Amino acid sequence: MADDVILQEAVNVLRDGNKARARELLTELLKNDQGNVEYWIWLSGAMETTKEKIYCLQTALKLDPENVTAKRGLTLLGVLPADENVPPFSLNRPRLWEQNLLLAHEKPKLKGWAAVRASPVFRLGLVILMIGVIASGITFGYVIPTAERNAANRPATVTPGPSPTFTVTVTAQGGKPQTQVVGTPGGLAEVFGVKYTPTALYVDAERSPLTSDYLLQFDRAYKAGDWDGAIEALNKVITADPNAVFAYYYLGESYRFKNDAGNAQRYYNEAITKKAEFGPAYVGLARVKLMNDPNANVLPILDQAIQYDANFGEAYLERSRVKIRDNDIAGAVADLGEANRLMPGSPLVFYYLALARLQEGDLNSALDAANTVTELDVTNLQNYLLLGRINAAMGNNDEATKNFDIYLKYGPGDAASYLELGKLQFNFGNYELAIQAMNEVIKKDRNRSEPYLYRFLANVELGNGPEADADRERALNAYPDLFEANLGLVRTHLLNNRNGTALVDLALTLQLAETDEQKARAYYWAAIVHETRKEPKDAAEYWQQLLDLPASAMTAEMRKTAEEHLLDIRTPLPTASPTKTKPVTATKPVTPTKTPSPTITPTPTKTPAP
């Protein structure tokens with residue numbers, strides 16, 4: 001009974017021309033009874049656009065294939081062809097203009113002043129005269145004196161536009177739209193004086209009269225990075241339309257951005273259940289697997305995504321990232337070409353191209369691609385981290401430091417960024433700054449092994465024996481066959497006066513030395529170990545092996561030290577004046593302080609960039 005009253009009210013306000021109120025009432029009715037054909041037919045009359053009217057009438061016709069009213073409406077809208085079996089709309093009430101026309105001859109004719117007053121011409125002239133008087137009074141008595149005063153306070157005119165289309169942003173690097181980082185002074189967009197405008201999502205949110213309001217809520221939340229708000233709106237969409245495939249997909253995306261891999265995977269699978277050939281959901285599944293295991297084999301899933309939807313540019317981007325990880329640079333570049341065709345002008349294409357060229361060792365091409373990213377999107381924070389890595393590899397220390405500073409100032413300050421900065425400072429020889437950066441990494445993620453390794457090596461270079469001892473076990477357990485770690489272990493033993501243990505661990509270090517540069521450093525410290533143990537003959541052998549290597553394998557200071565120590569060892573001591581004997585000081589070996597440690601790559605496989 002209550003529904004009948006609401007329906008009658010909706011019909012009445014619709015006839016009065018209040019379509020907005022009618023839509024509101026009819027939408028409420030449909031939420032309780034989506035199978036009511038009458039509701040859908042009346043709702044079609046309350047809609048503003050032809051597309052929405054057609055949607056309502058088609059829904060009514062699906063519910064009742066013989067519904068004459070729905071057929072007539074779709075015929076008038078050009079969706080269905082004319083059908084003689086469908087009768088035209090009946091006129092169930094008299095047309096007022098016809099009634100007036102038929103009764104006109106029955107009314108008595110007026111004479112004199114009454115006829116003049118009844119004349120349409122007279123009435124029209126009177127109305128014009130009154131309007132002129134009123135307009136004059138307003139103009140001279142109020143409008144002109146106050147126009148200038150009120151101009152500044154006049155509110156902007158709001159012109160209702162067409163209903164928005166619910167397409168938000170092409171997902172970047174894992175997919176979420178770029179938003180201002182909480183706690184930063186306005187973010188990079190404000191710093192550089194640019195306005196970030198999100199681009200369209202590839203997967204359209206199909207709107208219907210039942211879901212329009214919820215999609216507006218989703219649109220606002222998604223753009224703002226409010227994933228809980230987006231999830232709430234999408235759940236309402238699914239309640240109203242359980243077959244909305246896009247809603248399940250974006251629920252997966254929203255949960256993925258919240259780092260909730262379990263729920264993300266669940267909703268991607270729901271989308272695939274609803275539509276088996278829905279390519280973007282397969283890309284989402286691949287990303288979730290990579291969240292759980294960065295080395296997961298997701299290429300078959302991405303291949304399937306491209307098979308189902310060859311126009312989804314993000315599928316090629318994601319596949320290129322996996323191929324970069326797997327060192328398939330040629331395959332990655334080919335995928336980036338496809339992504340560039342489908343997403344022209346996307347900074348992400350050039351970002352991954354820069355990653356590929358960096359891994360390939362083509363630093364100039366990597367720098368060109370990364371600079372292109374900055375030209376296309378100056379607010380891309382990840383690119384500053386990448387620029388820092390590229391410039392550090394090229395020896396552009398000032399530029400690298402500037403890039404890292406920007407990233408750490410406006411970025412999330414995550415463990416990966418501090419790790420990159422710490423490596424940079426280590427390779428510059430700024431060991432104290434390297435230790436500070438690694439301390440930050442360990443605060444944020446105690447399970448990483450690299451920060452312990454670099455902190456260990458930095459303390460060795462600074463001669464901090466006890467501090468190096470604190471990290472040596474963690475570093476060597478993680479990298480037992482790494483030359484740098486084993487050489488650091490030998491030096492740590494010397495710093496802590498464990499000369500015998502240093503000799504024992506020296507054997508593995510010598511075996512691990514492969515390049516001439518590594519052999520030079522191994523021979524240098526082997527000679528120091530033997531001198532410290534007062535074994536000059538063994539020390540002389542290693543000094544000589546060091547001098548037999550190419551000069552380019554060592555610094556000039558290392559070579560000079562080897563020559564001097566070898567000369568001291570081989571020069572006979574004068575017997576006549578034993579008091580003038582100059583013994584070799586082995587306890588304080590000369591450290592080649594100007595020899596920066598080489599860049600360390602702890603893992604044999606390429607790790608993907610953060």
Side-chain angles (χ1 to χ4, degrees), residues 166-178 198-206 222 245-257 261 264-356 359 369 373 376-377 380 382 608-610:
F166 297 91
T167 53
V168 192
T169 176
V170 174
T171 52
Q173 292 195 119
K176 61 185 177 183
Q178 185 172 341
T199 52
L201 276 171
Y202 180 78
V203 178
D204 287 333
E206 299 173 4
Y222 200 92
V245 177
F246 71 89
Y248 294 100
Y249 170 71
Y250 284 123
L251 273 171
E253 292 285 88
S254 300
Y255 277 111
R256 181 167 63 86
F257 299 149
Q265 183 171 351
R266 168 191 167 194
Y267 283 106
Y268 289 137
N269 282 324
E270 284 282 349
I272 292 172
T273 300
K274 298 290 182 183
K275 186 178 180 181
E277 297 183 356
F278 187 59
Y282 290 90
V283 176
L285 281 178
R287 286 170 169 164
V288 168
K289 287 184 178 295
L290 290 171
M291 285 174 63
N292 294 325
D293 178 10
N295 295 314
N297 180 21
V298 296
L299 285 177
I301 301 175
L302 293 170
D303 291 343
Q304 198 169 12
I306 292 171
Q307 177 186 346
Y308 288 144
D309 191 346
N311 294 318
F312 189 33
E314 287 190 61
Y316 294 98
L317 276 178
E318 197 65 34
R319 194 167 70 173
S320 73
R321 187 162 73 96
V322 174
K323 288 180 178 179
I324 292 170
R325 179 201 68 184
D326 296 342
N327 208 30
D328 179 9
I329 304 303
V333 172
D335 277 341
L336 290 172
E338 283 299 307
N340 189 50
R341 179 180 64 83
L342 295 167
M343 304 163 60
S346 169
L348 295 179
V349 173
F350 292 94
Y351 176 84
Y352 287 120
L353 179 61
L355 277 178
Q359 182 148 322
V373 177
L376 293 171
D377 182 8
N380 188 319
Q382 287 296 121

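No experiment lies behind these values; they were computed from the predicted model shown. Reckoned from all heavy atoms, side chains included, excluding hydrogens, waters and symmetry mates.
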- request: Mind listing the closest non-hydrogen atom pair of Ala264 and Gly252 along with its distance?
  value: CB-O, 3.4 Å

task: Kindly determine whether Leu290 and Asn295 satisfy side-chain contact (heavy atoms from CB on, under 4.5 Å), including the steps that lead there.
output: CA-CA 7 Å; Leu290 290 171; Asn295 295 314; over 6 Å; no

- request: Find out whether Met343 and Glu338 are in side-chain contact, i.e. whether some heavy atom of one side chain is under 4.5 Å from a heavy atom of the other.
  value: no

- line: Distance col, row Glu270:CD vs Thr273:OG1, nearest 0.5 angstrom, shows 5.5 Å

message: Looking only at the side chains, is there a donor atom on one of Tyr268 and Arg256 sitting less than 3.5 Å from an acceptor on the other?
response: yes

field: N-O pairing of Arg319 and Asp303 below 4.0 Å
entry: yes

field: Worked check of side-chain contact (heavy atoms from CB on, under 4.5 Å) between Tyr316 and Tyr352
entry: CA-CA 11 Å; Tyr316 294 98; Tyr352 287 120; over 6 Å; no

- request: Please determine which of Asp335, Val333, Ile329 meets the side-chain contact (heavy atoms from CB on, under 4.5 Å) test together with Lys323.
  value: Asp335

field: For the student: nearest non-hydrogen atoms of Ala310 and Leu342, plus distance
entry: O-CD1, 3.6 Å

task: Count the heavy atoms of every other residue, nucleotide or ligand shown that sit under 6.0 Å from NZ of Lys275, and state whether that count exceeds 12.
output: no

- line: Residues Leu336 and Ser320: closest non-hydrogen pair is CD2-OG, 3.4 Å

- prompt: So, do Glu318 and Val298 sit near enough that their side-chain heavy atoms are less than 4.5 Å apart?
  reply: no

message: For Tyr255, give me all partners under ring pair (Phe, Tyr, Trp, His ring centres under 6.0 Å), at least two apart in sequence or on another chain.
response: Tyr267

message: Less than 4.5 Å apart, side chain to side chain, heavy atoms only: is that true for Asp326 and Leu299?
response: yes

- prompt: With distance as the sole test, does Tyr249 use its side chain to make a donor-acceptor pair with the main-chain N or O of Phe278 at under 3.5 Å?
  reply: no

- prompt: So how far is it from Glu253 CD to Phe246 CZ, rounded to the nearest 0.5 Å?
  reply: 14.0 Å

- request: With the side chain counted from C-beta on, respond yes when Phe312 and Val283 share a heavy-atom pair under 4.5 Å apart, and no when they do not.
  value: yes

task: Grab the two heavy atoms, one from Val245 and one from Ala271, that are nearest each other, plus how far apart they are.
output: CG1-O, 3.9 Å

task: Over all heavy atoms of both residues, which pair between Ile306 and Ala315 is shortest? Give the atoms and the distance, please.
output: CG1-CB, 3.6 Å

query: Just wondering, do Ser346 and Asn340 contact through their side chains at under 4.5 Å, heavy atoms?
result: no

- prompt: Is a side-chain donor or acceptor of Asn269 paired with a backbone partner of Gln265 at a separation under 3.5 angstrom?
  reply: yes

- prompt: Any idea which heavy atoms bring Leu302 and Ala286 closest together, and the distance?
  reply: CD2-CB, 3.7 Å

Contacts of type ring pair (Phe, Tyr, Trp, His ring centres under 6.0 Å), residue Tyr282, not counting sequence neighbours: Tyr308

field: Close side-chain approach of Val373 and Val349, heavy atoms under 4.5 Å
entry: no

- prompt: Hey, are the side chains of Leu348 and Asp377 touching, using non-hydrogen atoms and a 4.5 Å cut-off?
  reply: no

Partner residues of Leu376 under the side chain to side chain contact (heavy atoms under 4.5 Å, CB included) criterion, sequence neighbours left out: Pro347, Phe350, Thr372

